[in-house]
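All remarks here apply to the structure that follows.
Lettering follows sequence order; numbering is per chain, from 1.
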There are 2 protein chains.
Amino acid sequence: MVQDTVTLRLRLLFGDRLVFGPGKGELLSRIAETGSIAAAGRAMGMSYRRAWALVEEMNAAFRAPLVLSVRGGAGGGGAALSPEGRDVLAAYRALLATIEAAAAPEVARIADLLSDMSERK
Amino acid sequence: MVQDTVTLRLRLLFGDRLVFGPGKGELLSRIAETGSIAAAGRAMGMSYRRAWALVEEMNAAFRAPLVLSVRGGAGGGGAALSPEGRDVLAAYRALLATIEAAAAPEVARIADLLSDMSERK
DNA sequence: CGGCAATATGTTCTGCCAGACATAACGAGG
DNA sequence: CCTCGTTATGTCTGGCAGAACATATTGCCG
């Protein structure tokens, strides 16, 4: 095997506006596991400001908000995925899996033509 | 159908360096059809500077240069795809086709959850 | 009731990358 | 031998996305 890791980054555009990509995917995922926009942002080295902006953008783009948030209360508040949020995340993950499987042969073809990466830092 | 156009943008990363994406794909394609880096750049509203930089990057990343260029001579010079260049382009196009087919159901799932875009400018 | 941690949102600062501009070298052909 | 269009490469600059900073608000819990 010539190269260490091959990753596919997939972005979905509807019309000409970007709706979903790796960043929002991971953000959604981290919100689900941490129950907090702030914690999710911290986990990916992203300012809360930006994390929140992405959430806002998603909530506006979809028919129903993907992230539900409450403020005040125990622990200051929190956030969680709505059913739609879980749906979108699941669909996106499935998409990646499907694509990675389907793409394997062509990816290998391209990888074979790459210069050897073992001698790169 | 709720939304007009759905497009998938796919980027390939090997290790952590980006190697190939939509921009380089189209550039390669246009170089093949125009026989010139400058013309290819113009065709996609890209400065020659940038087009050339992308070519340089690709040529460096792959085992053999994807684009062969000559300067001076009839018409000032020109560029063409090397066999490896044609291979990579063909593989990338095949990749896109494969993926678009495989992705259709999940994309539809996500699209269904989008807010209606017919009432957006 | 006051502290805490998170959501929510405005304002300002900044690093960096894309594009603009400049210039050299090149080589066939008139 | 001069023109022309292209490759090749350096430098400068403006815009803007994202970070940094600032503040208000909310509601449980000790």
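Residues B/G73 and A/I37 each lie close to DNA chain C; by heavy-atom proximity, the contact nearer the 5' end of the strand is made by A/I37. Annotation: of the two residues near DNA chain D, A/A74 and A/M46, the 5′-most nearest-nucleotide partner is A/M46. Where A/G75 and A/E56 each meet DNA chain C at their nearest nucleotide, the meeting point lying more 5' is that of A/G75.
Remark: B/S47 is not in phosphate contact with C/dA18, judged by side-chain N or O atoms under 4.0 Å from OP1 or OP2. Distances shown here put a side-chain N or O of B/R50 below 4.0 Å from the OP1 or OP2 atom of C/dA18. The side chain of B/S69 places an N or O atom within less than 4.0 Å of a non-bridging phosphate oxygen (OP1 or OP2) of D/dA8.
A donor-acceptor pair under 3.5 Å is formed between the side chain of A/R86 and the backbone N or O of A/L81. With hydrogens and angles disregarded, no donor-acceptor distance shorter than 3.5 Å links the side chain of A/S69 to the backbone of A/G78.
Between B/A90 and A/R109, the closest heavy-atom pair is CB-NH2, 4.0 Å. The minimum heavy-atom distance linking B/A51 with B/L27 is given by the pair O-CD2, 3.6 Å.
Side chain of A/R71, nearest nucleotide from D/dT25, D/dT7, D/dG10: D/dT25. Here the nucleotide nearest the side chain of B/W52, chosen from C/dA6, D/dA8, D/dT6, is D/dA8. When each of C/dT7, C/dC21, D/dT7 is scored by its nearest atom to the side-chain atoms of B/R49, the top-ranked nucleotide is C/dC21. Side-chain proximity of A/A38 to D/dA8, C/dA6, C/dT9: nearest is C/dA6.
Straight-line distance from the CG atom of A/L54 to the P atom of D/dA19: 10 Å, rounded to whole Å. Remark: P of D/dA20 and CZ of A/R42 are 14 Å apart, rounded to the nearest angstrom. Atom C1' of nucleotide D/dG18 and atom CD of A/E57 are separated by 13 Å, given to the nearest angstrom. The CE-C1' distance, from A/M44 to D/dA19, rounds to 15 Å in whole Å.
Applying the side chain to side chain contact (heavy atoms under 4.5 Å, CB included) test between A/L66 and each of A/I31, A/N59, A/L89 identifies A/N59 as the sole match.
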